[in-house]
Amino acid sequence: MIVIKDLRANALGEPLFEKVNIVIRPGEHIAVVGEQEGAVSTFFRILSGEEESDRGTVTTEGERLAYVSPKMYLEGGSALGRLHHTRPTFIIFDATVPGASETVVEEASQFIRGFRGGLLLAALDERLIGAAKVTRVLELHEDSKSVTSYTGTYESFTSEQAIQRTRSLEAYEKQQREKRRLEEWLEVKREEASRDKKAPEKGAVIRAKVKYLKREILDKELPKPSYGGETPETED
């Protein structure tokens with residue numbers, strides 16, 4: 001068992017993640033995902049003892065840990081094979097590095113399929129995650145710096161994420177359409193008020209609409225969804 005309590009790590013004075021509290025049970029196969037560059041690798045190095053955290057503790061109870069770094073992963077099957085001599089019960093496997101050959105991916109996949117202990121895996125190539133047959137996914141959030149645990153397969157996680165992305169984009173675009181509609185309305189009414197003798201009355205209406213725009217749209221404006229550096233395009 002691995003027990004993580006109140007874990008925090010910084011990079012250049014800014015948090016990568018904080019207040020992480022997780023219990024990893026013996027034999028679990030877990031995938032770790034996150035968009036922030038370096039956050040997942042830092043998380044793995046701390047868990048494996050390669051790096052110190054800024055706060056919090058990592059306790060291993062009855063586990064013999066082995067750490068597969070990105071460099072070790074790229075060295076292929078012979079490097080992975082040497083792990084068997086240490087008889088680990090839990091492997092922290094960081095495959096978040098581009099440029100792996102087909103041979104390396106296949107050797108790593110075979111190694112993962114044959115390992116009978118616990119596994120914490122992060123990989124750019126989803127074939128490795130498929131080989132791991134994960135039952136839980138940990139997501140490191142770039143915005144909140146927190147970690148969320150999802151119980152279920154990686155496939156169910158990605159399906160749910162796709163649904164959430166679609167909903168977030170739809171909500172954002174709906175709000176942006178309403179914002180544009182109100183701003184265009186205000187522009188027209190201000191132009192009318194500048195030429196109309198009833199400007200005081202129209203001015204009150206305009207001020208009320210400006211307050212509504214600020215209160216209901218601007219103060220509650222949703223962030224523009226961004227996934228992997230791109231925002232999906234949809235039609236208005």
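Because the structure is predicted, anything quoted here is derived from the model rather than measured. No hydrogens, no waters, no symmetry mates; every other heavy atom, side chains included, goes into these values.
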Atom of Ala132, atom of Ile112 and distance for their closest heavy-atom approach: CA-CG2, 3.5 Å
Without hydrogens or angle criteria, can the side chains of Tyr154 and Glu126 be said to hold a donor-acceptor pair below 3.5 Å? yes
Do the side chains of Glu216 and Lys220 get close enough for a salt bridge, i.e. N-O under 4.0 angstrom? yes
Are Lys189 and Glu192 close enough for a salt bridge, meaning some N to O gap below 4.0 Å? yes
Does a donor on one side chain and an acceptor on the other come within less than 3.5 Å for Glu139 and Tyr150? yes
Residue pairs passing the salt bridge (Lys or Arg N to Asp or Glu O under 4.0 Å) test with at least one member in residues 1-19, sequence neighbours excluded, are Arg8-Glu18
Parallel, tilted or perpendicular: ring planes of His84 versus Phe111, cut at 30 and 60 degrees: tilted
For Ile2, which fellow cluster members are found when Ile, Leu, Val, Met, Phe, Trp and Tyr are connected by side-chain heavy-atom distances below 4.5 angstrom, either directly or through intermediates? Ile4, Leu7, Leu16, Phe17, Val20, Ile22, Ile24, Ile30, Val32, Val40, Phe43, Phe44, Ile46, Leu47, Val58, Leu65, Tyr67, Phe90, Ile92, Leu120, Leu138, Leu140, Val147
Does the Glu51 side chain pair with the main chain of Thr42, one donor and one acceptor, at a distance under 3.5 Å? no
With sequence neighbours excluded, tell me which residues meet salt bridge (charged side-chain N to carboxylate O under 4.0 Å, His left out) with Arg64. none
Tell me if a side-chain donor or acceptor on Asp94 pairs with a main-chain N or O of Val68 at a distance below 3.5 Å. no
Any side-chain donor near an acceptor of the partner, Ser156 and Thr153, under 3.5 Å: yes
Any side-chain heavy-atom pair from Arg215 and Val210 closer than 4.5 angstrom? no
Please report the closest heavy-atom contact between Gly117 and His29, naming both atoms and the distance. O-NE2, 2.9 Å
